[in-house]
Amino acid sequence: MTTGAAGTGTAGAAGVPRLSVRGLSKRYGSIQALDAVDFELRAGEVMALLGENGAGKSTLVKVLAGLVAPDAGAVAIDGRDVDLFPSARSQAAGVAVVHQEYSLVPAMSIAENLVLGQGDAPDLWLPWRLAARARRLLEAVGLAHLDPRTRVERLSVAEMQLVEIARLLGRDARILIFDEPTAALADREIERILRVIRRLADEGRGVIYVTHRLAEVFRLADRVTVFRNGRSLPALPTAELDVAGVITMMLGRELGTMFPGHGQPAGAPVLEVEALEAPGLTAPVSLQVRAGEILGLTGQLGSGAADVVRCLAGLAPPAAGRVLLARRPVRLDSRAAALAEGLAYCSADRKRDGIFFGRPIRENLTAPWIGRVARAGLIAPAAERVAATPVAARFAVDVRRLGTPVGAMSGGNQQKVAVGKWLGAAPRVMLLDEPTRGVDVGARAEIYRRLRELCDEGMAIVVASSDTAEVFGLSDTIGTFYRGRLTELRPRAGWTEDAVVREVMHEEAPA
Amino acid sequence: MTAPRADAPAAGQAGRPGGAEAARLWPIVALASLAVLVIAAMAVTPNFLSVENLRGILRNAAIVGIVAVAMAPVTLSGSFVSLGVTQSAMAAMVGFVVLIGWGWPDWLAVGAVIAGMVAIGMVQGVLVAAGLNPVITTLAAGAILFGTVSELTGGRIVRMGPARPAWGGGEVLGIPLEILVLVLFTGAVTLLMSRSVIGRQTILVGANRATAAVSGISHARVTLVAFAVFSVGLALAGILNAAAFGEAMANSLTGLTFSVIAALLVGGIAIQGGAGSPWQAAAGAVLIAVISNMMVLNDFSPGGRLAVQGAVVVAAVVLIDQVRRRRARG
């Protein structure tokens, strides 16, 4: 297996990159997702694309896939300028994306799945032709032993992933983009996928590999491009890098003013979790939070950090274990029950289940606790306004705009509403999942500051986030998750930011 | 009807930016088109503005309006519409005729019909709350009701006989009873939706069910209450109609389902829920009645009237959509 710079340049015209991106910019509302990004991919190479959440990786992937149109910049394939929007053009240009979510139809056979979405297949209604074609593609991804008539639902996750790759090969893709293809796989299966990807590149295709797992980068990639805050850093050969260097490139920014100070949590724990077993966890989790403490749980997507928070919020009832709030066992069998116990919860996906997009801010703020404002089941508008105003003010939401639909506000202000509304319910513990996703820097600092204030007043806060910088900057105690397991839990003083990142990636410290 | 507060009808759906402004704009659009229609009607129809004719319009709008207002909470909560409106109101109508025919006192018959309809509605509410598709559930319930009533009456007309209530088709202080009930019922349901906890929760569940669940709002409770309110409206419509005519049959009230849904849409209540107020459904019913009346006075055939009614619904839906799109772009 080839690693490092040795694998480059085995195919393709010398000098002309397979893909070249110049000055690409894309803005979403107040967020500059891509800021004059440059990116180059040679034929026959695997280029790792790294960066924190929100750094712009996925926006670049979306532009290349033709899912969003860029605001400015140019893309060239094999030296010719191309327009990749909409996605049909991107596909025609030879770009294929392997998504994290599999787009296979489980009830159909492998062979049928392989021709899905391909209109120009005149003779494929003949079963033997279909099977022959499927065999050819399966061979290319190392699945020659499988019968093309097998239904996809009977395959392992890795095999499905490979069938998905085979499907894209059927389209003669010259540029393959992998977006965290191994997130759901076990080590041995990862090995299989990486080997196939290496071979596809060696055959002359250009491969962009998006991941959070640095070990895979050093195993597979020829070069590395790091994205940071919507900007691209120059690509570097993997052979010239080490883990520490890559992490520095990914973080590389001042955090001094972003985060408020830290608290002095004292006294007995408010929330005690003992041997909790819940959906998404592979080992029992035990932890404690005291009044005035922010506990940060971090890990890659799907690592289990968010699952603990969802379980405590009453959204995924625990299979086993005990949860005590102020020494009393609490019921977590429904969201309403957890809310009644004093557990506020702010979800990771604000638009999906965090706000009522078209409803006024006032209604959004009072939604979880409107019963506290009402008398005999009736709402007096004046009383509602009086109750909502301090809650809005507390999270720096403009109190003159309480009648405005929350959807008309910026993402940062929407998030302030999504987090701040819970204050009205006077919770004892605040649970937050990815509290600053899709939020601009200013609102981010604002949210951190307000959370710290709440803490100083005696609230206990649990934050789950895949943003290690956020967890390190904000938390008093940090717990790391890897594949459904709480791997480390200790006070912030016992961590460095690098150590958190390494623990999350589950890498050893570089020698 | 209560006047909307400036921000009350503002609403929309996640992933549908601009819906909020559109919904806020809609009452204005509806009122403006009503005004234009009335002026046009006056110009071409000499008798249009007579007290007698206006009263006729409201009377025609009353039954449709009561049921449309009653259905508004179901729609607002995100459970779309009932496709069993005709059959349910017919069952209430036949039920009331039969009970009066048996010699039950008026008040007892009224109470029994309302209670019976609420029970039938709650069964549907339970099914919908459990996750069944509301359109299919109500369609099936309508078929069961129609089949049962047809079977029991043998398809014949049932009559109240001499016990027919004196107030049937009557007036209170010079106002026809149906209109009075429409006004009071519209006020009550509008207040329930805008000023009560359960009403607020109904609209929030319709606006975003997932956020509502995270906020601890019970979808099941909201759905049950919505179907209960709906059933009361169906019962009132059936009773008023029965009392006015003194007789009923399984084929009574045909076309009511379409008229009610039309009123709801023309009134500008978002079909996917979360935006709108019950009084808008009543306004929609009146608007359709005005159009209908103009056509009657100008000698349109029943078929022509139905076709125009359909066209009005299409026009309203297209208009709402256009306004939303423009807002989303701007």
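So you know, we letter chains A, B, ... as the sequences are listed, proteins then strands, and number each from 1. Just so you know, these numbers use all the heavy atoms, side chains as well, and skip hydrogens, waters and symmetry mates. This is a predicted model, so every value here is computed, not measured.
- Only the side chain of A/Thr366 comes within less than 4.5 Å of a heavy atom of chain B; its backbone N, CA, C and O stay farther away.
- Scanning all heavy atoms of the two residues, the minimum distance from B/Met71 to B/Ser82 falls at SD-N, 3.4 Å.
- The contact between A/Leu378 and chain B is made by backbone and side chain atoms together, counting heavy-atom distances below 4.5 Å.
- Within the 4.5 Å cutoff, the side chain of A/Val289 has no heavy atoms near those of the A/Val429 side chain.
- In terms of heavy-atom pairs under 4.5 Å with chain A, the best-connected choice from B/Ser218, B/Ser196, B/Gly216 is B/Ser196.
- Taking chain B as the reference chain and counting heavy-atom pairs below 4.5 Å, the highest number among A/Gly407, A/Gly371, A/Ala313, A/Pro368 is found for A/Pro368.
- Residues B/Leu264 and B/Thr75 come closest through the heavy atom pair CD2-OG1, 3.1 Å.
- Side chain of A/Ser465 to backbone of A/Asp467: a donor-acceptor contact under 3.5 angstrom is found.
- Contact of A/Trp422 with chain B is made through the side chain alone, with heavy-atom distances under 4.5 Å.
- In this structure, the portion of B/Ile217 lying under 4.5 Å from any heavy atom of chain A is its side chain and not its backbone.
- Contact of the A/Leu297 side chain with the A/Val308 side chain is registered, since non-hydrogen atoms from C-beta on lie closer than 4.5 Å.
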